[in-house]
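Values below: every heavy atom of this structure, side chains too, minus hydrogens, waters and symmetry copies. Throughout, numbering of the chain's residues begins at 1 and tracks the sequence. Counting starts at 1 for both ligands and their atoms, following the listed order. Just so we're clear, the structure is a prediction, and the values are computed from it rather than from any experiment.
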Amino acid sequence: MKKKETIVGTIDREVLAFTAGRDVILDRVLVEADCIGTAAHVRTLAGMALPAPILAGDEARAVIRELVGIVKLARRGKFRITERDQDVHLAVERRLTERLGDLGKKVHTGRSRNDQVAVDLRLYAKEAVLGIFEACAALTEELTRFGRRHARVPMVGRTHLQPAMPTSVGVWATAHAESLLDDLVILRAAYDINDRCPLGSAAGYGVPLPLDRRLTADLLGFRDPIHNVTYASNARGKCEAAVLNALAQLMLTLSRLAEDLILYSMPEFGYFRLPAELCTGSSIMPQKKNPDVLELVRAKAARVLADASAVSGIIKALAGGYNRDLQETKEPFLAGLETTRASLAIMAQLVASLGLDRDALRRGFTPPVFATDRALELVAAGMPFRDAYNHVREHLEELDAADPAEAVKAKTHLGASAGLDFGYFRGRTGAVKRFVKAERSRYYARVSKLLGVRYPAVEAAE
Ligand code: ARG
(Lines give C-alpha, C1' and ligand atoms only; values in the text may rest on other atoms or scores of the structure.)
Protein backbone atom coordinates (compact mmCIF):
# COMPACT_ATOMS: atom_id res chain seq x y z
CA MET A 1 0.00 0.00 0.00
CA LYS A 2 1.45 3.34 -1.10
CA LYS A 3 1.07 6.03 1.54
CA LYS A 4 1.28 9.78 1.33
CA GLU A 5 2.31 12.17 4.08
CA THR A 6 -0.11 15.09 4.64
CA ILE A 7 -0.24 17.75 7.34
CA VAL A 8 -3.08 15.85 8.96
CA GLY A 9 -1.52 12.39 8.89
CA THR A 10 -0.50 9.65 6.51
CA ILE A 11 -3.11 8.54 3.99
CA ASP A 12 -3.23 5.74 1.45
CA ARG A 13 -2.49 7.16 -1.98
CA GLU A 14 -5.70 5.89 -3.60
CA VAL A 15 -7.82 7.01 -0.66
CA LEU A 16 -6.24 10.43 -0.77
CA ALA A 17 -6.86 10.78 -4.51
CA PHE A 18 -10.46 9.62 -4.11
CA THR A 19 -11.31 11.80 -1.12
CA ALA A 20 -9.52 14.95 -2.26
CA GLY A 21 -11.23 14.35 -5.59
CA ARG A 22 -11.76 17.47 -7.66
CA ASP A 23 -11.17 19.80 -4.69
CA VAL A 24 -7.55 20.38 -5.71
CA ILE A 25 -8.89 22.03 -8.88
CA LEU A 26 -12.24 23.44 -7.77
CA ASP A 27 -10.77 25.07 -4.66
CA ARG A 28 -8.58 27.35 -6.80
CA VAL A 29 -11.49 29.78 -7.01
CA LEU A 30 -11.82 29.72 -3.22
CA VAL A 31 -8.26 30.81 -2.37
CA GLU A 32 -9.19 34.45 -1.93
CA ALA A 33 -12.26 33.69 0.18
CA ASP A 34 -10.23 31.27 2.28
CA CYS A 35 -7.61 33.96 2.97
CA ILE A 36 -10.27 36.55 3.84
CA GLY A 37 -12.05 34.11 6.16
CA THR A 38 -8.75 33.19 7.82
CA ALA A 39 -7.88 36.86 8.32
CA ALA A 40 -11.16 37.39 10.20
CA HIS A 41 -10.53 34.26 12.25
CA VAL A 42 -7.04 35.34 13.38
CA ARG A 43 -8.34 38.80 14.23
CA THR A 44 -11.02 37.15 16.36
CA LEU A 45 -8.43 34.87 18.01
CA ALA A 46 -6.24 37.89 18.79
CA GLY A 47 -9.20 39.73 20.25
CA MET A 48 -10.22 36.95 22.66
CA ALA A 49 -10.32 37.81 26.33
CA LEU A 50 -7.89 35.20 27.68
CA PRO A 51 -5.16 35.54 30.33
CA ALA A 52 -2.58 34.37 27.76
CA PRO A 53 -3.64 35.31 24.24
CA ILE A 54 -3.43 32.52 21.64
CA LEU A 55 -2.28 35.09 19.11
CA ALA A 56 -1.08 38.62 19.82
CA GLY A 57 -2.30 41.56 17.76
CA ASP A 58 0.98 41.94 15.87
CA GLU A 59 1.02 38.20 15.19
CA ALA A 60 -2.45 38.44 13.65
CA ARG A 61 -1.18 41.30 11.50
CA ALA A 62 1.80 39.20 10.37
CA VAL A 63 -0.55 36.36 9.40
CA ILE A 64 -2.77 38.77 7.49
CA ARG A 65 0.23 40.13 5.58
CA GLU A 66 1.06 36.57 4.49
CA LEU A 67 -2.57 35.99 3.54
CA VAL A 68 -2.47 39.07 1.30
CA GLY A 69 0.69 37.59 -0.24
CA ILE A 70 -1.23 34.38 -0.97
CA VAL A 71 -4.04 36.37 -2.62
CA LYS A 72 -1.47 38.03 -4.87
CA LEU A 73 0.18 34.70 -5.71
CA ALA A 74 -3.21 33.18 -6.53
CA ARG A 75 -4.06 36.06 -8.84
CA ARG A 76 -0.88 35.41 -10.76
CA GLY A 77 -1.82 31.73 -10.96
CA LYS A 78 1.15 30.86 -8.74
CA PHE A 79 -0.55 29.39 -5.67
CA ARG A 80 -0.62 25.59 -5.80
CA ILE A 81 -3.08 23.25 -4.12
CA THR A 82 -1.54 19.78 -4.23
CA GLU A 83 -3.15 16.42 -3.58
CA ARG A 84 -1.16 16.25 -0.36
CA ASP A 85 -2.92 19.45 0.73
CA GLN A 86 -6.26 17.86 -0.11
CA ASP A 87 -7.96 21.23 -0.38
CA VAL A 88 -7.48 25.00 -0.23
CA HIS A 89 -7.73 25.09 3.56
CA LEU A 90 -4.73 22.90 4.24
CA ALA A 91 -2.83 24.48 1.32
CA VAL A 92 -3.17 27.90 2.95
CA GLU A 93 -2.22 26.53 6.38
CA ARG A 94 0.84 24.81 4.86
CA ARG A 95 1.98 28.02 3.20
CA LEU A 96 1.47 30.05 6.39
CA THR A 97 3.48 27.49 8.35
CA GLU A 98 6.28 27.43 5.76
CA ARG A 99 6.51 31.22 5.99
CA LEU A 100 5.74 31.88 9.66
CA GLY A 101 6.64 28.64 11.48
CA ASP A 102 4.74 28.11 14.74
CA LEU A 103 2.57 31.14 14.09
CA GLY A 104 1.21 29.41 10.98
CA LYS A 105 0.41 26.36 13.06
CA LYS A 106 -1.81 28.44 15.35
CA VAL A 107 -4.29 29.76 12.79
CA HIS A 108 -6.54 26.70 12.89
CA THR A 109 -7.17 27.07 16.63
CA GLY A 110 -10.90 26.92 17.33
CA ARG A 111 -11.77 26.27 13.72
CA SER A 112 -12.64 23.27 11.58
CA ARG A 113 -12.52 22.86 7.85
CA ASN A 114 -16.28 22.48 8.15
CA ASP A 115 -16.94 26.09 9.16
CA GLN A 116 -14.01 27.20 7.01
CA VAL A 117 -15.32 25.76 3.75
CA ALA A 118 -18.81 27.02 4.60
CA VAL A 119 -17.55 30.58 5.04
CA ASP A 120 -15.41 30.36 1.89
CA LEU A 121 -18.39 29.32 -0.20
CA ARG A 122 -20.58 32.04 1.28
CA LEU A 123 -17.99 34.73 0.56
CA TYR A 124 -17.50 33.38 -2.95
CA ALA A 125 -21.26 33.17 -3.51
CA LYS A 126 -21.78 36.72 -2.26
CA GLU A 127 -19.64 38.14 -5.06
CA ALA A 128 -20.89 35.68 -7.66
CA VAL A 129 -24.54 36.37 -6.87
CA LEU A 130 -23.96 40.13 -6.95
CA GLY A 131 -22.41 39.62 -10.39
CA ILE A 132 -25.53 37.72 -11.43
CA PHE A 133 -27.79 40.51 -10.15
CA GLU A 134 -25.74 42.92 -12.21
CA ALA A 135 -25.78 40.79 -15.38
CA CYS A 136 -29.51 40.28 -14.98
CA ALA A 137 -30.12 44.02 -14.55
CA ALA A 138 -28.15 44.59 -17.77
CA LEU A 139 -30.33 42.11 -19.66
CA THR A 140 -33.50 43.60 -18.18
CA GLU A 141 -32.31 47.01 -19.39
CA GLU A 142 -31.67 45.69 -22.90
CA LEU A 143 -35.10 44.07 -23.06
CA THR A 144 -36.75 47.24 -21.80
CA ARG A 145 -34.78 49.34 -24.30
CA PHE A 146 -35.76 47.02 -27.16
CA GLY A 147 -39.38 47.06 -26.00
CA ARG A 148 -39.39 50.83 -25.74
CA ARG A 149 -37.80 51.35 -29.13
CA HIS A 150 -40.46 49.18 -30.75
CA ALA A 151 -43.17 49.87 -28.18
CA ARG A 152 -46.07 50.19 -30.58
CA VAL A 153 -44.89 47.83 -33.33
CA PRO A 154 -47.79 45.40 -33.76
CA MET A 155 -47.13 41.72 -33.15
CA VAL A 156 -49.50 38.78 -33.18
CA GLY A 157 -50.09 37.51 -29.68
CA ARG A 158 -50.32 33.73 -29.52
CA THR A 159 -51.86 31.10 -27.27
CA HIS A 160 -51.09 27.43 -28.00
CA LEU A 161 -48.67 29.06 -30.47
CA GLN A 162 -51.75 29.78 -32.63
CA PRO A 163 -52.57 33.39 -33.60
CA ALA A 164 -54.70 34.83 -30.78
CA MET A 165 -54.93 38.61 -30.38
CA PRO A 166 -53.06 41.75 -31.38
CA THR A 167 -50.20 42.77 -29.11
CA SER A 168 -46.95 44.69 -29.50
CA VAL A 169 -43.22 44.09 -29.51
CA GLY A 170 -43.09 46.30 -26.41
CA VAL A 171 -45.34 43.92 -24.52
CA TRP A 172 -43.43 40.87 -25.76
CA ALA A 173 -40.01 42.22 -24.72
CA THR A 174 -40.97 43.58 -21.32
CA ALA A 175 -42.83 40.36 -20.44
CA HIS A 176 -39.43 38.68 -20.33
CA ALA A 177 -37.95 41.65 -18.42
CA GLU A 178 -40.62 41.46 -15.73
CA SER A 179 -40.08 37.72 -15.39
CA LEU A 180 -36.37 38.31 -14.74
CA LEU A 181 -37.17 40.98 -12.16
CA ASP A 182 -39.42 38.53 -10.33
CA ASP A 183 -36.69 35.88 -10.44
CA LEU A 184 -34.43 38.39 -8.71
CA VAL A 185 -36.91 38.58 -5.83
CA ILE A 186 -36.23 34.89 -5.23
CA LEU A 187 -32.49 35.39 -5.70
CA ARG A 188 -32.57 38.21 -3.15
CA ALA A 189 -34.07 35.85 -0.57
CA ALA A 190 -31.30 33.36 -1.30
CA TYR A 191 -28.71 36.17 -1.07
CA ASP A 192 -30.01 37.06 2.39
CA ILE A 193 -29.81 33.44 3.52
CA ASN A 194 -26.23 33.32 2.24
CA ASP A 195 -25.36 36.57 4.02
CA ARG A 196 -24.80 34.99 7.44
CA CYS A 197 -21.53 33.83 8.89
CA PRO A 198 -20.90 30.20 9.91
CA LEU A 199 -17.40 30.81 11.36
CA GLY A 200 -16.89 29.91 14.99
CA SER A 201 -19.21 26.93 14.72
CA ALA A 202 -16.06 24.85 14.10
CA ALA A 203 -16.97 21.21 13.47
CA GLY A 204 -20.62 22.04 14.14
CA TYR A 205 -20.58 22.03 17.93
CA GLY A 206 -18.63 25.14 18.88
CA VAL A 207 -15.36 25.23 20.87
CA PRO A 208 -14.48 25.95 24.52
CA LEU A 209 -12.98 29.33 23.63
CA PRO A 210 -14.63 32.74 24.02
CA LEU A 211 -14.80 33.40 20.25
CA ASP A 212 -16.69 36.59 19.45
CA ARG A 213 -18.74 35.28 16.54
CA ARG A 214 -20.44 38.64 16.03
CA LEU A 215 -17.07 40.29 15.57
CA THR A 216 -16.05 37.65 13.00
CA ALA A 217 -19.30 38.15 11.08
CA ASP A 218 -18.83 41.90 11.21
CA LEU A 219 -15.21 41.81 10.03
CA LEU A 220 -16.36 39.87 6.97
CA GLY A 221 -19.31 42.14 6.21
CA PHE A 222 -21.93 39.48 6.93
CA ARG A 223 -25.27 40.74 8.18
CA ASP A 224 -25.18 38.31 11.16
CA PRO A 225 -23.60 35.10 12.37
CA ILE A 226 -25.67 31.94 11.84
CA HIS A 227 -26.97 31.52 15.37
CA ASN A 228 -26.96 27.76 16.02
CA VAL A 229 -23.56 26.05 15.60
CA THR A 230 -25.02 22.77 14.36
CA TYR A 231 -27.30 24.54 11.92
CA ALA A 232 -24.21 26.40 10.66
CA SER A 233 -22.92 23.00 9.61
CA ASN A 234 -26.26 21.61 8.39
CA ALA A 235 -26.82 24.74 6.28
CA ARG A 236 -24.00 23.69 3.94
CA GLY A 237 -25.69 22.51 0.79
CA LYS A 238 -29.00 23.96 1.89
CA CYS A 239 -27.81 27.50 1.28
CA GLU A 240 -26.36 26.35 -2.05
CA ALA A 241 -29.69 24.75 -2.96
CA ALA A 242 -31.53 27.99 -2.17
CA VAL A 243 -29.20 29.92 -4.48
CA LEU A 244 -29.33 27.28 -7.23
CA ASN A 245 -33.10 27.10 -7.11
CA ALA A 246 -33.23 30.85 -7.64
CA LEU A 247 -30.74 30.53 -10.50
CA ALA A 248 -32.90 27.78 -11.98
CA GLN A 249 -35.79 30.25 -12.08
CA LEU A 250 -33.62 32.76 -13.93
CA MET A 251 -32.54 30.08 -16.39
CA LEU A 252 -36.17 29.06 -16.96
CA THR A 253 -36.91 32.64 -17.98
CA LEU A 254 -33.85 32.70 -20.24
CA SER A 255 -34.80 29.40 -21.86
CA ARG A 256 -38.23 30.77 -22.76
CA LEU A 257 -36.78 33.98 -24.12
CA ALA A 258 -34.31 31.88 -26.13
CA GLU A 259 -37.10 29.70 -27.48
CA ASP A 260 -39.22 32.71 -28.51
CA LEU A 261 -36.22 34.14 -30.35
CA ILE A 262 -35.35 30.86 -32.06
CA LEU A 263 -38.93 30.54 -33.23
CA TYR A 264 -39.58 34.12 -34.27
CA SER A 265 -36.27 34.48 -36.08
CA MET A 266 -36.78 31.43 -38.30
CA PRO A 267 -37.51 32.50 -41.90
CA GLU A 268 -41.12 31.28 -41.73
CA PHE A 269 -41.78 33.97 -39.11
CA GLY A 270 -38.94 36.40 -39.67
CA TYR A 271 -40.11 38.79 -36.93
CA PHE A 272 -36.67 39.21 -35.41
CA ARG A 273 -33.20 39.25 -36.93
CA LEU A 274 -30.50 37.70 -34.79
CA PRO A 275 -27.22 39.62 -34.85
CA ALA A 276 -24.93 37.89 -37.34
CA GLU A 277 -22.01 37.88 -34.91
CA LEU A 278 -24.07 35.79 -32.49
CA CYS A 279 -24.91 33.14 -35.07
CA THR A 280 -22.68 30.37 -36.34
CA GLY A 281 -22.43 28.69 -39.70
CA SER A 282 -22.49 25.13 -40.92
CA SER A 283 -19.51 23.12 -42.11
CA ILE A 284 -21.46 21.86 -45.14
CA MET A 285 -24.32 24.28 -45.85
CA PRO A 286 -22.84 27.61 -46.95
CA GLN A 287 -26.04 29.62 -46.37
CA LYS A 288 -26.51 28.70 -42.70
CA LYS A 289 -26.73 31.15 -39.82
CA ASN A 290 -27.74 29.13 -36.83
CA PRO A 291 -28.99 30.35 -33.45
CA ASP A 292 -26.46 28.20 -31.54
CA VAL A 293 -26.14 30.70 -28.71
CA LEU A 294 -29.87 30.52 -28.02
CA GLU A 295 -29.93 26.75 -28.28
CA LEU A 296 -27.10 26.50 -25.79
CA VAL A 297 -28.85 28.84 -23.37
CA ARG A 298 -31.94 26.62 -23.70
CA ALA A 299 -29.84 23.54 -22.90
CA LYS A 300 -27.88 25.23 -20.13
CA ALA A 301 -31.15 25.92 -18.35
CA ALA A 302 -31.43 22.15 -17.98
CA ARG A 303 -27.88 22.06 -16.61
CA VAL A 304 -28.68 24.56 -13.86
CA LEU A 305 -31.90 22.74 -13.01
CA ALA A 306 -29.76 19.61 -12.73
CA ASP A 307 -27.20 21.41 -10.55
CA ALA A 308 -30.00 22.41 -8.16
CA SER A 309 -31.34 18.89 -8.18
CA ALA A 310 -27.86 17.37 -7.61
CA VAL A 311 -27.32 19.46 -4.48
CA SER A 312 -30.84 18.76 -3.18
CA GLY A 313 -30.32 15.04 -3.81
CA ILE A 314 -27.03 15.04 -1.90
CA ILE A 315 -28.46 16.73 1.21
CA LYS A 316 -31.78 14.90 1.24
CA ALA A 317 -32.00 12.78 4.43
CA LEU A 318 -28.35 13.54 5.26
CA ALA A 319 -27.73 13.00 8.98
CA GLY A 320 -27.10 16.13 11.05
CA GLY A 321 -23.55 17.46 11.40
CA TYR A 322 -20.86 17.36 8.73
CA ASN A 323 -20.79 14.47 6.26
CA ARG A 324 -18.22 14.26 3.48
CA ASP A 325 -21.14 14.03 1.03
CA LEU A 326 -21.24 17.81 1.30
CA GLN A 327 -17.99 18.13 -0.61
CA GLU A 328 -19.88 16.90 -3.69
CA THR A 329 -22.22 19.91 -3.56
CA LYS A 330 -19.33 22.21 -4.42
CA GLU A 331 -19.01 21.37 -8.09
CA PRO A 332 -22.69 21.80 -9.09
CA PHE A 333 -22.83 24.98 -7.01
CA LEU A 334 -19.83 26.59 -8.72
CA ALA A 335 -21.04 25.36 -12.12
CA GLY A 336 -24.56 26.72 -11.65
CA LEU A 337 -23.25 30.16 -10.70
CA GLU A 338 -20.94 30.35 -13.71
CA THR A 339 -23.45 28.96 -16.20
CA THR A 340 -26.09 31.46 -15.14
CA ARG A 341 -23.70 34.41 -15.25
CA ALA A 342 -22.46 33.49 -18.72
CA SER A 343 -25.98 32.90 -20.04
CA LEU A 344 -27.23 36.27 -18.79
CA ALA A 345 -24.23 38.05 -20.28
CA ILE A 346 -24.56 36.50 -23.75
CA MET A 347 -28.31 37.12 -23.81
CA ALA A 348 -27.79 40.81 -22.99
CA GLN A 349 -25.29 41.04 -25.85
CA LEU A 350 -27.76 39.37 -28.20
CA VAL A 351 -30.75 41.52 -27.26
CA ALA A 352 -28.60 44.67 -27.53
CA SER A 353 -28.20 44.10 -31.26
CA LEU A 354 -31.42 42.28 -32.03
CA GLY A 355 -33.09 43.44 -35.23
CA LEU A 356 -36.74 43.43 -36.18
CA ASP A 357 -38.76 43.27 -39.40
CA ARG A 358 -41.95 45.36 -39.16
CA ASP A 359 -43.34 43.98 -42.42
CA ALA A 360 -42.89 40.37 -41.36
CA LEU A 361 -44.59 41.19 -38.05
CA ARG A 362 -47.45 42.81 -39.92
CA ARG A 363 -47.82 39.86 -42.30
CA GLY A 364 -48.62 37.74 -39.26
CA PHE A 365 -51.94 39.57 -38.86
CA THR A 366 -54.74 37.57 -40.50
CA PRO A 367 -58.37 38.66 -39.99
CA PRO A 368 -59.13 36.03 -37.28
CA VAL A 369 -56.59 37.76 -35.00
CA PHE A 370 -59.14 40.58 -34.66
CA ALA A 371 -62.06 38.29 -33.73
CA THR A 372 -62.07 39.13 -30.01
CA ASP A 373 -61.62 42.84 -30.66
CA ARG A 374 -64.61 42.65 -33.06
CA ALA A 375 -66.77 40.91 -30.44
CA LEU A 376 -65.90 43.67 -27.99
CA GLU A 377 -66.94 46.29 -30.54
CA LEU A 378 -70.35 44.61 -30.61
CA VAL A 379 -70.35 44.67 -26.79
CA ALA A 380 -69.67 48.41 -26.94
CA ALA A 381 -72.74 48.72 -29.16
CA GLY A 382 -74.85 47.05 -26.46
CA MET A 383 -74.71 43.30 -27.23
CA PRO A 384 -74.08 40.89 -24.30
CA PHE A 385 -70.57 39.40 -24.62
CA ARG A 386 -71.65 35.77 -25.17
CA ASP A 387 -73.99 36.79 -27.96
CA ALA A 388 -71.25 38.89 -29.56
CA TYR A 389 -68.81 35.97 -29.23
CA ASN A 390 -71.26 33.59 -30.93
CA HIS A 391 -72.05 36.10 -33.64
CA VAL A 392 -68.40 36.58 -34.53
CA ARG A 393 -67.71 32.84 -34.34
CA GLU A 394 -70.53 32.15 -36.80
CA HIS A 395 -69.35 34.85 -39.19
CA LEU A 396 -65.57 34.39 -39.03
CA GLU A 397 -65.30 34.58 -42.81
CA GLU A 398 -66.77 38.08 -42.70
CA LEU A 399 -64.02 39.43 -40.45
CA ASP A 400 -62.05 42.21 -42.06
CA ALA A 401 -58.38 42.71 -41.67
CA ALA A 402 -58.39 45.64 -39.27
CA ASP A 403 -55.42 47.96 -38.76
CA PRO A 404 -52.99 46.29 -36.32
CA ALA A 405 -51.63 49.70 -35.29
CA GLU A 406 -55.13 50.81 -34.26
CA ALA A 407 -55.62 47.56 -32.35
CA VAL A 408 -52.37 48.20 -30.47
CA LYS A 409 -53.43 51.77 -29.66
CA ALA A 410 -56.81 50.63 -28.36
CA LYS A 411 -55.41 48.67 -25.41
CA THR A 412 -54.70 51.48 -23.01
CA HIS A 413 -55.01 49.75 -19.66
CA LEU A 414 -52.07 48.98 -17.40
CA GLY A 415 -49.49 46.70 -18.95
CA ALA A 416 -51.20 46.32 -22.33
CA SER A 417 -49.82 47.50 -25.68
CA ALA A 418 -50.72 51.17 -25.15
CA GLY A 419 -50.52 51.06 -21.37
CA LEU A 420 -46.96 49.95 -20.75
CA ASP A 421 -45.19 51.96 -18.09
CA PHE A 422 -41.52 51.86 -18.99
CA GLY A 423 -40.78 53.77 -15.79
CA TYR A 424 -41.92 50.70 -13.90
CA PHE A 425 -39.16 48.62 -15.47
CA ARG A 426 -36.59 51.39 -15.04
CA GLY A 427 -37.58 51.68 -11.39
CA ARG A 428 -37.27 48.01 -10.55
CA THR A 429 -34.03 47.59 -12.52
CA GLY A 430 -32.59 50.73 -10.92
CA ALA A 431 -33.32 49.33 -7.47
CA VAL A 432 -31.40 46.15 -8.36
CA LYS A 433 -28.42 48.16 -9.57
CA ARG A 434 -28.37 50.31 -6.44
CA PHE A 435 -28.54 47.18 -4.28
CA VAL A 436 -25.51 45.65 -6.06
CA LYS A 437 -23.52 48.85 -5.75
CA ALA A 438 -24.29 49.31 -2.05
CA GLU A 439 -23.57 45.67 -1.16
CA ARG A 440 -20.31 45.64 -3.09
CA SER A 441 -18.98 48.83 -1.60
CA ARG A 442 -19.94 47.69 1.90
CA TYR A 443 -18.23 44.32 1.39
CA TYR A 444 -15.11 45.74 -0.23
CA ALA A 445 -14.77 48.35 2.52
CA ARG A 446 -14.87 45.64 5.19
CA VAL A 447 -12.38 43.40 3.43
CA SER A 448 -10.05 46.33 2.72
CA LYS A 449 -10.06 47.21 6.41
CA LEU A 450 -9.53 43.58 7.42
CA LEU A 451 -6.63 42.96 5.01
CA GLY A 452 -5.10 46.42 5.37
CA VAL A 453 -4.94 46.84 1.58
CA ARG A 454 -7.41 48.26 -0.88
CA TYR A 455 -9.66 45.38 -1.94
CA PRO A 456 -10.33 44.07 -4.54
CA ALA A 457 -7.38 45.93 -6.12
CA VAL A 458 -4.81 44.48 -3.62
CA GLU A 459 -1.86 44.70 -6.01
CA ALA A 460 -2.30 48.38 -6.83
CA ALA A 461 -2.61 49.38 -3.20
CA GLU A 462 0.93 48.42 -2.25
N1 ARG B 1 -12.94 19.71 1.25
C2 ARG B 1 -13.87 19.47 2.29
C3 ARG B 1 -15.31 19.80 1.83
O4 ARG B 1 -15.48 20.44 0.86
C5 ARG B 1 -13.53 20.32 3.45
C6 ARG B 1 -14.15 19.87 4.71
C7 ARG B 1 -13.50 18.61 5.19
N8 ARG B 1 -14.03 18.28 6.47
C9 ARG B 1 -13.96 17.05 6.97
N10 ARG B 1 -14.51 16.86 8.14
N11 ARG B 1 -13.37 16.09 6.33
O12 ARG B 1 -16.24 19.37 2.44
Side-chain angles (χ1 to χ4, degrees), residues 3-38 40-41 70 74 79-97 107-126 128 194 197-207 216 226 229-244 307 310-338:
K3 301 258 190 190
K4 267 195 180 179
E5 203 72 56
T6 79
I7 69 171
V8 289
T10 309
I11 306 177
D12 172 79
R13 189 189 287 264
E14 289 288 327
V15 174
L16 182 61
F18 186 77
T19 54
R22 303 224 338 116
D23 266 14
V24 288
I25 295 165
L26 297 173
D27 280 13
R28 285 179 195 161
V29 301
L30 298 178
V31 174
E32 232 160 272
D34 200 74
C35 291
I36 294 167
T38 299
H41 183 64
I70 294 174
F79 184 72
R80 302 244 172 280
I81 303 169
T82 66
E83 203 161 81
R84 252 176 236 261
D85 294 326
Q86 303 182 43
D87 50 34
V88 63
H89 323 298
L90 295 181
V92 169
E93 187 178 328
R94 170 180 53 78
R95 168 88 187 176
L96 291 175
T97 306
V107 300
H108 207 57
T109 314
R111 185 176 67 170
S112 155
R113 276 185 292 166
N114 302 350
D115 60 342
Q116 197 178 354
V117 64
V119 83
D120 289 7
L121 286 162
R122 281 169 185 256
L123 292 175
Y124 179 87
K126 172 176 277 201
N194 183 69
C197 185
L199 267 189
S201 61
Y205 304 98
V207 283
T216 318
I226 295 175
V229 288
T230 300
Y231 174 60
S233 193
N234 292 352
R236 172 119 186 256
K238 200 163 154 58
C239 178
E240 285 86 333
V243 172
L244 285 170
D307 292 332
V311 170
S312 306
I314 291 164
I315 63 169
K316 179 195 160 289
L318 203 62
Y322 179 85
N323 299 272
R324 193 67 178 261
D325 309 48
L326 292 170
Q327 182 171 295
E328 290 291 313
T329 64
K330 196 184 286 170
E331 189 157 25
F333 185 49
L334 298 178
L337 287 165
E338 174 49 22

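- Put simply, the side chain of Asn194 gets close to the backbone of Arg122: a donor and an acceptor are under 3.5 Å apart.
- Counting non-hydrogen atoms of other residues, nucleotides and ligands closer than 6.0 Å to NZ of Lys238 gives a total of 12 or fewer.
- Closest to atom 8 (N) of ligand 1 among all protein heavy atoms lies Asn114 OD1, 3.0 Å.
- Without hydrogens or angle criteria, Thr230 side chain to Gly204 main chain gives a donor-acceptor distance under 3.5 Å.
- Remark: ligand 1 atoms within the under-4.0 Å shell around heavy atoms of Asp23 are 1 (N), 2 (C), 4 (O).
- Backbone and side-chain nitrogen or oxygen atoms of His89 are examined, and none is located within less than 3.5 angstrom of a nitrogen or oxygen of ligand 1.
- For the side-chain contact (heavy atoms from CB on, under 4.5 Å) with Val119, the qualifying choice from Asp34, Ile36, Asn114, Leu199 is Leu199, the only one to do so.
- Nearest to atom 2 (C) of ligand 1 by heavy atom, out of Glu328, Gln86, Lys330, Gln327, is Gln327.
- Scanning the protein heavy atoms around atom 3 (C) of ligand 1, the nearest turns out to be Tyr322 OH, 3.4 Å.
- In terms of modelled atom types and a separation under 3.5 Å, the side chain of Asn234 and the main chain of Gly320 share no donor-acceptor contact.
- Among Arg13, Lys4, Arg22, the single residue meeting the salt bridge (Lys or Arg N to Asp or Glu O under 4.0 Å) criterion with Glu83 is Lys4.
- In terms of protein heavy atoms, atom 5 (C) of ligand 1 is closest to Asp87 OD2, 3.7 Å.
- At least one N/O-N/O distance between Arg236 and ligand 1 falls below 3.5 Å.
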